[in-house]
Amino acid sequence: MNTTLNRKAILIATLVSVLVIATVFYGSRKLQNFDPALIGYLFGTVFAFFGIVYRYSVWLQRPPTWMYFKRTWQFVFKGQVFAHLYFFIKEFIQNIGFQKFIYPRGRSRWIGHFLMAVGCTMAFAITFPLTFGWIHFTLNPETSLNPDSVRMYEAHFFGFKVFEFPLGSFIAFFTFHALNWCSWLVIIGVLIFMRRRLTHAGLISIQSFDGDLLPLILLLAISITGLGLTYDYQFMKGMAYDFMAVTHAVTVIMFLIWIPFGKFFHIIQRPAQIGAHIYKREGIKRGMAVCPHTGKEFATQMHIDDLKTVTKELGFDFTRADGTSHLDLSPEGKRSRLGMAHLKARQQDGGKLFG
Amino acid sequence: MPQTNYQTQQEFFVDMQRCIGCRACEMACAECETNGHESMIHVNYVDRAVTIQTTVQVCMHCDDPVCANVCPADAISKDEFGVVHTANTARCIGCSNCVMACPFGVPKKNEAYDLMMKCNMCYDRTSAGKKPMCATVCPTQALYYGTREEMARMRPNSTPVNNFLFGNEKVSTKVNIMMPKGSTQLIVD
Ligand code: SF4
Ligand code: SF4
């Protein structure tokens, strides 16, 4: 990560944060529907937005990242927009929604990750609009005044009524407990991963506390205190409610603020995988590179050409005396050329085995 | 990283002329806990048309790793011991930039996982003061892990070299390649 402040990134991040605040203001109908109890969460969220956009902008400025970013949008907007859109949606469902690439690496790994991902995404989808005051609930005044009618609850989005449901119905139960369902999913997922991280020798040797364990602990703390907020009332007569509320807020805000810097940034980075797939697909259409050593196709020519540019930008120069590049070789070709060079050096030394 | 017992005086030495192509290292590599039982090492023919000589390639753990530099996802990192770690699974987007840019042809892309994997010098073992799997099984000591002094004693007519020239690019590495005595650099092309 870049340690010096990056002006461009600060500018973009500030603009986005201002935009978020503006949508909060107007989306909550000039704060009419804003819930002041959530002010801490709102600050956390705005700060997280700032951090995420900042880090993302810094990240995009790295030559290889910029190359992929630039190319992806070039392809998407040039020519077959719909074909790309279809591919993008398909990939989004498979790779972001279902994380199918994790499955071959192990079923329990996939299940654990999937549960955490679904739990977190659903929780985001619910809490962000709630904190921003974009969603709020009211009791239908007519039904509440009439003692004979079923009491209806109304859900509003951006101040517009979207749907209503009877109090005490299944939908009500499902909606009001939505965050609890998310918590359960996350808890099961976290436990699966914790078990892996505490027992798998390979993982133990390369994991770090703040990089790998703390994120799990944080998710667990958020989920448990979150559940506590409901179950406290249901089963413990509201005992220790303040404690639950405060710890929940603290863990959630920590989580939000940490997104840009820690493990959770991978959530923001992951869609780049789709970009890499589009890049490969488009590259194949344009033609493959053939390795001068093996005579076989090994990558797209565009990839190799772009890499020559990117490595130059990064200060590496693999150009040979004859104008070709070491990067023209496939990985297998490169390994063989190294072996041949070693053999040549040995032959120059009289050809004998040295020891 | 957790507490380690990494032995900084121990180094990796590769002697290509000693490789007999038995592939014991390949099997051993797949035992490494950190790479999920996939073999990361490469055994190749040098120039099959003219010689039966095979050679073996591990990650050279470059001082300024090209793989990490070209990674758009910041997935590859070098630690305080100079070990260049395999892709961080959460970050790697499987773009293969590293696979195509590594001058030694080391990283492998696993298509099913959409993930790059490479040798991390058996970090589970080396961080615990043990030798990498491949170096412990190699019958000819084409792969050797130990101190410089041990090597000088065992191979008086060789010099470990860790400078390479690929086109205009000078690459220096943590892993050594054994060369005829007095050599300072291996010029690849
Ligand atoms: S040998 Fe290749 S994979 Fe290993 S550190 Fe160097 S560039 Fe990276
Ligand atoms: S394949 Fe993964 S590790 Fe390699 S450059 Fe791409 S994102 Fe980085």
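Residue numbers start from 1 in every chain, and the chains themselves are labelled A, B, ... in the order their sequence lines are given, proteins ahead of strands. Below, all heavy atoms of this structure are taken into account, side chains as well, without hydrogens, waters or symmetry copies.
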J.: Please examine the side chains of A:F318 and B:N168, heavy atoms only from C-beta on, and report whether any two atoms are closer than 4.5 Å.
T.: no
J.: Taking C-beta and beyond as the side chain, do A:W59 and B:D74 meet within less than 4.5 Å on heavy atoms?
T.: yes
J.: Please tell me if the side chains of A:F316 and B:D64 come closer than 4.5 Å, counting only heavy atoms from C-beta onward.
T.: yes
J.: Under 4.5 Å heavy-atom distance to chain B, tell me which part of A:K344 shows up: side chain, backbone, both or neither.
T.: neither
J.: Look at atom CZ of B:F81 and say whether more than 12 heavy atoms of other residues, nucleotides or ligands are closer to it than 6.0 Å.
T.: yes
J.: Just wondering, do B:N97 and A:Y68 contact through their side chains at under 4.5 Å, heavy atoms?
T.: yes
J.: Is the shortest heavy-atom distance from the side chain of A:H266 to the side chain of B:N88 under 4.5 Å?
T.: no
J.: Which atoms of B:Y45 are under 4.5 Å from chain A, going by heavy atoms: the side chain, the backbone, both sets, or neither?
T.: backbone
J.: May I ask you to check whether over 12 heavy atoms, not counting those of A:R195, lie within 6.0 Å of atom CZ?
T.: no
J.: Could you check which of A:L353, A:I267, A:L343 has the highest count of heavy-atom pairs closer than 4.5 Å to chain B?
T.: A:L353
J.: Please state whether the side chain, the backbone, both or neither of A:D317 comes within less than 4.5 Å of a heavy atom of chain B.
T.: both
J.: Examine distances only and state if a side-chain atom of A:Q269 and a backbone atom of B:R91 form a donor-acceptor pair shorter than 3.5 Å.
T.: no
J.: Can you see which heavy atom on A:P104 is nearest to which on B:A112, and at what distance?
T.: CG-O, 3.5 Å
J.: Which atom names give the shortest non-hydrogen contact between B:P180 and A:A345, and what distance separates them?
T.: CG-O, 4.1 Å
J.: Is B:E111 close to chain A through its backbone or its side chain, or both, or neither, when contacts mean heavy atoms under 4.5 Å?
T.: side chain
J.: How about CZ on A:R197, more than 12 heavy atoms from neighbouring residues, nucleotides or ligands closer than 6.0 Å, or not?
T.: yes
J.: Using only non-hydrogen atoms and a strict under-4.5 angstrom cutoff, which residues of residues 322-338 of chain A touch chain B?
T.: A:H326, A:L327, A:L329, A:P331, A:K334, A:R335, A:S336, A:R337, A:L338
J.: Kindly give the heavy-atom pair with the smallest separation between A:A299 and B:M100, and that separation in Å.
T.: CB-CE, 3.8 Å
J.: When only pairs under 4.5 Å are counted, which of B:N157, B:D47, B:N120 shares the most heavy-atom pairs with chain A?
T.: B:N157
J.: Counting only heavy atoms closer than 4.5 Å, note whether B:C92 contacts chain A via side chain, backbone, both or neither.
T.: backbone
J.: Could you state the interatomic distance from CZ (A:F354) to CE (B:M179), rounded to the nearest 0.5 Å?
T.: 7.0 Å
J.: Looking only at heavy atoms and a cut-off of under 4.5 Å, which of B:V66, B:L165, B:L115, B:D124 has the most pairs with chain A?
T.: B:V66
J.: Which answer fits B:C95, side chain, backbone, both or neither, if we ask what part of it has an atom under 4.5 Å from a heavy atom of chain A?
T.: both
J.: Please flag which part of B:S96 lies under 4.5 Å from any non-hydrogen atom of chain A: side chain, backbone, both or neither.
T.: both
J.: Counting heavy atoms not belonging to B:K78, are there more than 12 under 6.0 Å from its NZ?
T.: yes
J.: Tell me the residues of residues 272-298 of chain A whose non-hydrogen atoms fall below 4.5 Å from those of chain B, in number order.
T.: A:A272, A:Q273, A:A276, A:H277, A:K280, A:F298
J.: Please classify the contact between B:I187 and chain A as side chain, backbone, both or neither, with a heavy-atom cut-off of under 4.5 Å.
T.: backbone
J.: Do the side chain of B:E169 and the main chain of A:T319 share a donor and acceptor less than 3.5 angstrom apart?
T.: no
J.: What do the steps show when you test B:M178 against A:H342 for side chain to side chain contact (heavy atoms under 4.5 Å, CB included), and what is the final call?
T.: CA-CA 9 Å; B:M178 301 309 289; A:H342 190 266; 5.5 Å; no
J.: Considering non-hydrogen atoms only, spot the tightest contact between B:A101 and A:L307 and give its length.
T.: N-CD1, 4.0 Å
J.: How long is the span from the CG atom in A:D349 to the OG atom in B:S183, to the nearest 0.5 Å?
T.: 6.5 Å
J.: Side chain, backbone, both or neither: which part of B:C71 has a heavy atom under 4.5 Å from chain A?
T.: backbone
J.: Which atoms form the tightest heavy-atom contact between A:T65 and B:P72, and what is the distance?
T.: OG1-O, 3.0 Å
J.: Non-hydrogen atoms of chain A under 4.5 Å away: do they reach the side chain of B:T34, the backbone, both or neither?
T.: both
J.: I'd like to know which of A:K100, A:R105, A:M340 tops the heavy-atom pair count under 4.5 Å against chain B.
T.: A:R105
J.: Tell me whether the count of non-hydrogen atoms from other residues, nucleotides or ligands lying under 6.0 Å of CZ in A:F98 goes above 12.
T.: no
J.: At a heavy-atom separation under 4.5 Å, does B:T51 approach chain A through its side chain, its backbone, both, or neither?
T.: side chain
J.: Whether the side chain of A:R62 engages the backbone of B:N69 through a donor-acceptor N/O pair (distance < 3.5 Å, no angle test) should be reported.
T.: yes
J.: Is chain A contacted by the side chain of B:Q17, its backbone, both, or neither, given a heavy-atom distance below 4.5 Å?
T.: both
